[in-house]
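Reviewing the structure listed below.
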There are 2 protein chains.
Amino acid sequence: MQTDKVNIAIVDDHTLFRQGLAHLLTESNEINVLFDADNGADMIKKLPAYPLPDVILMDITMPVMNGYETTKWLKANHPGVNVLALSMFEEDTPIIGMLKSGAGGYMLKQSKAADLVNAIKGIASQSFYINELVSGKLLRNIQNNQPLKNAPIGLNPNELKFLELCCSDLTYKQIADMMNLSPHTIDNYREALFQKFEVKSRTGLVISALKNELIKI
Amino acid sequence: MQTDKVNIAIVDDHTLFRQGLAHLLTESNEINVLFDADNGADMIKKLPAYPLPDVILMDITMPVMNGYETTKWLKANHPGVNVLALSMFEEDTPIIGMLKSGAGGYMLKQSKAADLVNAIKGIASQSFYINELVSGKLLRNIQNNQPLKNAPIGLNPNELKFLELCCSDLTYKQIADMMNLSPHTIDNYREALFQKFEVKSRTGLVISALKNELIKI
DNA sequence: TTAAAAAAAGCTGATTTCACCCTATGCAGA
DNA sequence: TCTGCATAGGGTGAAATCAGCTTTTTTTAA
């Protein structure tokens, strides 16, 4: 019946995906899509105009305000709203990162629609939804009992800026100039990021950053 | 009326996107989605089971068989079927590349649904659909009258394999070992690809390959 | 079968990147 | 006040990467 429907919102920067998903979910008759938004900032702007959603489907990499920040904002300002992360990648970092930011579940865009509907219903009723993908990561996290990337998203604004400039044909020297910093300082950033991402080359860094949905190309 | 509907198929490896889009387009009442497929090989398998589509919406980067190959196969085996490329990027290379492969149009996944419906109807009736994105590229192609990347997709299997291995933490030496080639030969590939992509570093190469939808991470 | 083209392998040197070493400053908490 | 920590800056040397050119082998086409 109408009143039992789960009210959701969708935040993703690809219009066709977002609107397509809205139609797909609406057809399930168990979900009501209140609104959709292009990115976190857009969502914050639209939020007051609608009833508070039960669940928000959240993309991670988006322009202006990404999924990590937006989820943290939601938990600070509307702790009752549940967040279900939607991503293309199944790396440790974005999964743990989104959960730590406050998401109650993590689904791949390669999922089947029925599984997504289940996840939305689960998260609406229990505030979390642990699928195999997530439980596997959590289990390994415990079994290895080393903290296993539980704080890998801690990038300061300068490091993030550097990371973005890394994804280009620019040399480190050129990046240093663009950021008005000494090449040595840039080298510190490089060093720090190599350790955080456990990579040995700039290329590895770029690939990791993309898979961890920290940057967008 | 029913019989005027445009029959289409959707080929894309992200299930939620593909199915969402199918629902979205079905609602327009002008489009009938016959079937969808995970990649080119899957499409070829499913094609005989349905009436021949008027238009096929084609993603570019897909596992097993990508959009370029699949479009070429369609033009060779079912020249009457129109292909509309769907991509996240607006680089020259994939646009020109898909058009050369035989696509009749090119749309971004950031497009609005109404624009996509227009493109589908246009391509169904005229076999092509030239939006601003495509016409701009074509115009520049003529104005600069240098061939402007009209043959940038010409990678042999070894180069493609090398390109994929480049998107990692591996050193060139390790790549040479994995491909059972001398590091010097690898250096030749690197040199050739740097020229084709007009880049000066391995990082630039990786970013270009991703934007040109030649590889998938 | 011979010439041309392409692929593979090689060399050298300049530049960039990588890995470790260090110091100084400012700020928060014990 | 002292300590720890994060940020910023600096230096050195080894390794990897980049750029350009040459040679050999294989394939293709005339």
Side-chain angles (χ1 to χ4, degrees), chain A residues 68-69 72 93 97 100 147 149-210 212 214-215 217, chain B residues 147 150-212 214-215 217:
Chain A
Y68 300 114
E69 301 170 65
K72 281 180 194 155
T93 316
K100 281 180 74 89
K149 328 222 157 72
N150 61 2
I153 320 278
L155 300 190
N156 63 42
N158 262 347
E159 284 176 334
L160 197 58
K161 172 83 174 162
F162 167 69
L163 195 53
E164 278 165 16
L165 293 173
C166 263
C167 299
S168 71
D169 227 17
L170 300 166
T171 65
Y172 287 134
K173 201 172 293 181
Q174 288 173 312
I175 293 175
D177 286 345
M178 293 181 72
M179 292 181 69
N180 287 114
L181 289 172
S182 142
H184 296 292
T185 306
I186 289 298
D187 209 39
N188 286 337
Y189 289 143
R190 183 192 58 69
E191 190 72 26
L193 291 183
F194 275 29
Q195 283 196 5
K196 287 189 189 177
F197 285 93
E198 294 173 23
V199 295
K200 294 187 301 301
S201 69
R202 176 166 164 183
T203 312
L205 181 62
V206 168
I207 298 293
S208 288
L210 286 170
N212 291 332
L214 284 166
I215 50 170
I217 59 166
Chain B
N150 60 2
I153 322 277
L155 301 189
N156 63 42
N158 262 347
E159 284 176 333
L160 197 57
K161 173 81 174 165
F162 167 70
L163 195 53
E164 278 165 15
L165 292 174
C166 263
C167 300
S168 70
D169 226 17
L170 298 166
T171 65
Y172 287 134
K173 203 172 292 180
Q174 289 173 312
I175 293 175
D177 285 345
M178 292 181 74
M179 292 181 69
N180 286 115
L181 289 171
S182 144
H184 299 292
T185 306
I186 290 300
D187 212 37
N188 286 337
Y189 289 144
R190 182 192 58 71
E191 189 71 26
L193 292 184
F194 274 29
Q195 283 197 5
K196 286 189 190 180
F197 285 93
E198 295 173 22
V199 295
K200 296 185 303 298
S201 69
R202 177 166 163 183
T203 311
L205 182 63
V206 168
I207 299 293
S208 288
L210 286 170
K211 285 194 179 173
N212 292 331
L214 284 165
I215 50 170
I217 59 168

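Basis for what follows: all heavy atoms, side chains included, without hydrogens, waters or symmetry-related copies. Chain letters run A, B, ... following the sequence lines, proteins first and then strands; every chain starts at 1.
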Without swapping roles, check the side chain of [X] against the backbone of [Y] for a donor-acceptor pair under 3.5 Å.
X	Y	result
B/Gln195	B/Ala192	no
A/Glu164	A/Lys161	no
B/Ser168	B/Leu165	yes

Whole-Å distance separating the [atom1] atom of [X] from the [atom2] atom of [N]:
X	N	atom1	atom2	value
B/Glu159	C/dA6	CD	P	12 Å
B/Asp169	D/dT17	CG	C1'	15 Å
A/Asn188	D/dC5	CG	C1'	14 Å
A/Ile186	C/dA19	CD1	C1'	17 Å
B/Glu198	D/dA19	CD	P	13 Å
B/Tyr189	D/dC18	OH	P	17 Å
A/Met179	D/dT7	CE	P	12 Å
B/Leu193	D/dT17	CG	C1'	15 Å

Pair A/Tyr189, A/Asn158: side-chain N/O donor-acceptor within cut-off below 3.5 Å: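 Their side chains do contain a donor-acceptor pair, which is all the 3.5 Å distance test asks for.
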May I ask you to say what B/Ser182 touches in the nucleic acid, namely base, sugar-phosphate or nothing, with a heavy-atom cut-off under 4.0 Å?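 Sugar-phosphate only.
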Shortest non-hydrogen contact from B/Leu193 toward B/Phe162: CD1-CD2, 3.5 Å
Counting only side-chain N and O atoms of A/Thr185, is one of them less than 4.0 Å from OP1 or OP2 of D/dG9? yes
Phosphate-side-chain proximity, A/Asn158 and D/dA6, N/O vs OP1/OP2 below 4.0 Å: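 For A/Asn158, the contact criterion (side-chain N or O under 4.0 Å from OP1 or OP2 of D/dA6) is not met.
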When you compare the protein's N or O atoms with those of nucleotides 11-18 of chain C, which come within less than 3.5 Å of each other, and at what distance?
unit_1	atom_1	unit_2	atom_2	d
C/dT17	OP1	A/Arg202	NH1	3.4
C/dT17	OP2	A/Tyr172	N	3.1
C/dC18	OP1	A/Arg202	N	2.7
C/dC18	OP2	A/Tyr172	OH	2.7

Which is it for A/Leu210 and B/Leu210 under the side-chain contact (heavy atoms from CB on, under 4.5 Å) test, yes or no, and what are the steps along the way? CA-CA 11 Å; A/Leu210 286 170; B/Leu210 286 170; 3.5 Å; yes
With a 4.5 Å limit on heavy-atom distance, are the side chains of B/Asp187 and B/Arg190 in contact?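 Heavy-atom side-chain distance check passes, below 4.5 Å.
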